[in-house]
Amino acid sequence: MTLDFISISRSLVEDAWNNPDKWEANLASAQALLSKALVESPDNVLALTMSLP
């Protein structure tokens, strides 16, 4: 997976901040995307540090 997962996740969270009605859905999508990136690239430090709890 390329670094696109970071920019996509950031866009989802930014959209959630600007549109509170999208918060839960966007946060869940960003978390799923980062979790997938972490599984696909377990040694990717960026994926490790960007993953949401």
Handout entry: Sequence neighbours excluded - salt bridge (charged side-chain N to carboxylate O under 4.0 Å, His left out) pairs with any residue from residues 14-31
Key = Asp15-Lys22
Completion exercise
Rounded to the nearest 0.5 Å, the CG atom of Leu33 sits from the CG atom of Leu38 at a distance of 11.5 Å
Practice task
Mark yes or no for whether Ser7, through its side chain, and Asp4, through its backbone, hold a donor-acceptor pair below 3.5 Å.
Solution key: yes
Exercise for the section: List the atom of Leu12, the atom of Ala30, and the distance in Å for their closest heavy-atom pair. Expected result: CD1-N, 3.7 Å
Fill in the blank from the handout: The complete set of ring-ring contact (aromatic ring centres under 6.0 Å, His included) pairs with one or both residues in residues 23-44, sequence neighbours excluded, reads Trp17-Trp23
